[in-house]
Amino acid sequence: MRLPWQWLLTITSVASLSQAHASSWNMPVGVTDTSRNIFGLHMTIFWVCVVIGVIVFGVMFYSLFRYRHSKGAKAARFHEHTSVEVLWTAIPILILVGMAVPATATLKNMYDASEADLDIMITGQQWRWRYEYLGEDIAYTSNLSTTREQIRGESERDEHYLLDVDEPLVLPINRKVRFLMTSDDVIHSWWVPELAVKQDTIPGFINENWVQINEPGIYRGQCAELCGVNHGFMPIVVHAMEEAEFETWLEERKEAAEQEAMGVDREWAIEELMARGEEVYQSICSSCHQGEGQGAPPAFPALAGNEQLINELDWHLDRVINGVSGAAMPAFRNTLNPVEIAAVVTYTRNAWGNETGDTVQPATVAERIAQ
Amino acid sequence: MWSVVKSVLAALLGVQNDRQRQQDFSNGKPVAFIITAVVVTMMFVLLLAGIAIYAAG
Ligand SMILES: [Cu+2]
């Protein structure tokens with residue numbers, strides 16, 4: 001048997017723990033001023049509730065026990081007591097207004113996305129995220145990088161199972177970054193708990209949000225709006241860097257983009273296109289058309305052994321560039337660059353027994369897109 | 001008149017004493033209470049809107 005004071009000790013130590021850190025059962029403190037404000041509000045309101053609960057239930061249980069029937073207690077019969085009633089109405093009003101003031105101030109600050117140092121467009125797609133650094137000519141998609149073997153349980157699952165991507169969103173610390181958020185297909189939700197951002201991305205709408213991260217690090221999140229079969233396979237990884245490091249990254253990215261743009265003009269060998277195409281296919285197309293191009297009919301047609309695809313190069317290119325409106329096949333003209341489209345089309349025309357021997361050059365694709 | 005306003009304000013808060021209630025029910029006219037209540041509610045809404053607009057700066 002524990003003595004009462006031992007219980008008290010346990011309760012207070014648990015309480016102080018949850019105050020000091022985000023423990024596993026509490027929300028994270030996070031790494032932005034906003035997330036800290038939210039955590040602070042959450043804890044303040046939690047303790048207000050605890051105090052009220054202890055007082056109310058304390059009085060109630062004490063009365064139940066003290067004035068119990070077996071001791072001959074008789075119910076009092078009176079109709080009203082105006083001053084007590086006014087008091088127990090006024091006190092909750094004061095408590096509620098007292099909580100509303102800091103909560104509203106925090107909310108107001110959260111909605112103020114003005115005067116940002118950097119604008120990033122975040123687009124949800126089935127089933128990946130696309131990040132575009134506005135005004136910087138940098139845009140890329142961020143895909144799940146957990147291997148199929150891990151998902152099927154054929155190899156051991158690593159620490160960040162289903163929470164790892166090929167290219168994280170890279171952000172500088174100490175700068176206000178504005179997010180413009182939308183979707184290409186259905187509603188998704190961009191959620192990173194450590195940043196206290198959870199914002200729906202809605203086709204046809206642009207929602208705003210912002211962060212200013214205080215500490216460098218890797219922060220992970222997930223899509224938080226059920227968006228189709230691979231909803232659980234479009235995680236978010238944010239890599240927050242020191243500002244100087246971020247500038248270097250930005251320069252490197254821009255150079256890589258230029259290199260890629262130059263790649264459009266030159267003639268590519270089939271081996272190069274196949275290698276690149278396989279990467280693109282596995283990260284972008286395989287979620288629908290499956291790893292071996294076998295598709296999942298009737299929802300997703302097979303590409304391996306697909307007669308029309310093998311015979312009609314032009315039609316094939318058109319499907320990938322313009323998509324199929326009204327069907328789940330997205331248009332890739334804006335989300336993949338000409339090199340990637342040329343590579344993935346070449347790859348599909350020569351993989352899994354589709355032995356057409358065709359190559360499609362990036363320049364041809366660029367021309368088609370420009371038309 | 002003043003007693004009608006007082007009763008409406010008491011209703012807004014949700015607290016009223018029995019003596020006043022008996023008096024309202026025996027002497028008061030329903031229409032007076034309804035009109036006063038509508039006006040007071042509108043003033044309350046305007047007050048809240050005013051605070052919100054002021055807070056939003
Ligand atoms: Cu989603």
* Asked: Which atoms of A:Thr82 come close to chain B, meaning under 4.5 Å heavy atom to heavy atom: side chain ones, backbone ones, both, or neither?
  ->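 Both backbone and side chain of A:Thr82 come within 4.5 Å of chain B.
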
* Structure fact -> Bottom line for A:Glu85: the part with an atom under 4.5 Å from chain B's heavy atoms is both

* For chain B, which residues of residues 185-211 of chain A have at least one non-hydrogen atom nearer than 4.5 Å to it? -> none

* salt bridge (charged side-chain N to carboxylate O under 4.0 Å, His left out) pairs, two or more places apart, involving residues 107-125 of chain A ->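 Of all non-adjacent pairs touching residues 107-125 of chain A, those that pass salt bridge (charged side-chain N to carboxylate O under 4.0 Å, His left out) are A:Asp119-A:Arg178.
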
* **Sequence neighbours excluded, every pair satisfying salt bridge (charged side-chain N to carboxylate O under 4.0 Å, His left out) that has a member inside residues 86-102 of chain A** =>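 As it turns out, there is no salt bridge (charged side-chain N to carboxylate O under 4.0 Å, His left out) pair with a partner in residues 86-102 of chain A once direct neighbours are skipped.
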
* To do: Give a yes or no on this: more than 12 heavy atoms of other residues, nucleotides or ligands lie within 6.0 Å of atom CZ of B:Arg19.
  =>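 No, the 6.0 Å shell around CZ holds no more than 12 heavy atoms from other groups.
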
* **Atom CG of A:Asn174 with >12 non-hydrogen neighbours under 6.0 angstrom** =>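 Enclosed.
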
* Heavy-atom closest pair, residues A:Glu80 and B:Gln16 -> OE1-O, 4.3 Å

* Asked: Can you name the ring-ring contact (aromatic ring centres under 6.0 Å, His included) partners of A:Tyr219, sequence neighbours left out?
  ->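 Residues passing ring-ring contact (aromatic ring centres under 6.0 Å, His included) with A:Tyr219: none at all.
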
